[in-house]
Amino acid sequence: MKVTETKYGNKKQIVKFPDHYVAISVTVDDTGVVAVDGKKIVPAGTIIGGGTLADPSVLVTEANDETAEGVLFNDVDVTYGPAPGAMIIHGFIDLTKLPIAPDATAVTALKQITFIA
């Protein structure tokens, strides 16, 4: 039996203007995610891609390069395998809240996302 623990608290808000963004549902791949304290978490603000805009059945992975398609909206726990998440494809993202700064090629690929410090 799988037991999950629920923690309540404030979540990291990566969008600069919370009332102005567009996100789509995606499935986040667990391949290559390193476990920390027994959990495999893909953090909010991770630049992701993988071809999911062309084929929604494709799992998204970290893609901080010219293959970037969006930004992960919330932390996603992939400890037990691929898990659902949301990918921002349009909006204003707070650079100070990202786990890793976007590469210049990723910024160019993300035409409808503006990064603001």
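Basis for what follows: all heavy atoms, side chains included, without hydrogens, waters or symmetry-related copies.
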Give the minimum heavy-atom separation between Ile14 and Leu72, together with the two atoms involved.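 Heavy atoms only, the tightest pair is CD1-O, 3.2 Å.
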- Item | Minimum heavy-atom distance between Thr108 and Lys111, given as atom pair plus value |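 Answer, listing the atom of Thr108 first, then Lys111: O-CG, 3.6 Å.
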_Salt bridge or not between Lys39 and Asp77? Use side-chain N to carboxylate O under 4.0 Å._
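So Lys39 pairs with Asp77 through a salt bridge.
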### Test log, rule side-chain contact (heavy atoms from CB on, under 4.5 Å), inputs Val36 and Ile41
CA-CA 8 Å; Val36 176; Ile41 306 292; over 6 Å; no
*Whether His90 side chain and Gln112 backbone form a donor-acceptor pair below 3.5 Å*: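 A pair under 3.5 Å: yes.
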*Check whether any side-chain N or O of Asn64 sits under 3.5 Å from a backbone N or O of Ala101 as a donor-acceptor pair, and report yes or no.*
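Between the backbone of Ala101 and the side chain of Asn64 there is a qualifying donor-acceptor contact (under 3.5 Å).
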Are [X] and [Y] side-chain neighbours, meaning at least one heavy-atom pair lies under 4.5 Å?
{"X": "Val78", "Y": "Asp29", "result": "no"}
{"X": "Thr46", "Y": "Ile100", "result": "no"}
{"X": "Val15", "Y": "Ile93", "result": "yes"}
{"X": "Phe115", "Y": "Asp94", "result": "no"}
{"X": "Ile116", "Y": "Phe17", "result": "yes"}
{"X": "Thr31", "Y": "Pro82", "result": "no"}
{"X": "Gln13", "Y": "Phe73", "result": "yes"}

Any residue meeting side chain to side chain contact (heavy atoms under 4.5 Å, CB included) with [X], in chain and number order, not counting sequence neighbours:
{"X": "Pro56", "result": "none"}
{"X": "Leu53", "result": "Ile24, Glu69, Met87, Ile89"}
{"X": "Asp65", "result": "Ala63, Thr67, Thr105"}

Which word best sums up how the rings of Phe92 and His20 line up, parallel for under 30°, tilted for 30 to 60°, or perpendicular for over 60°?
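Geometry flag for His20 against Phe92: tilted rings.
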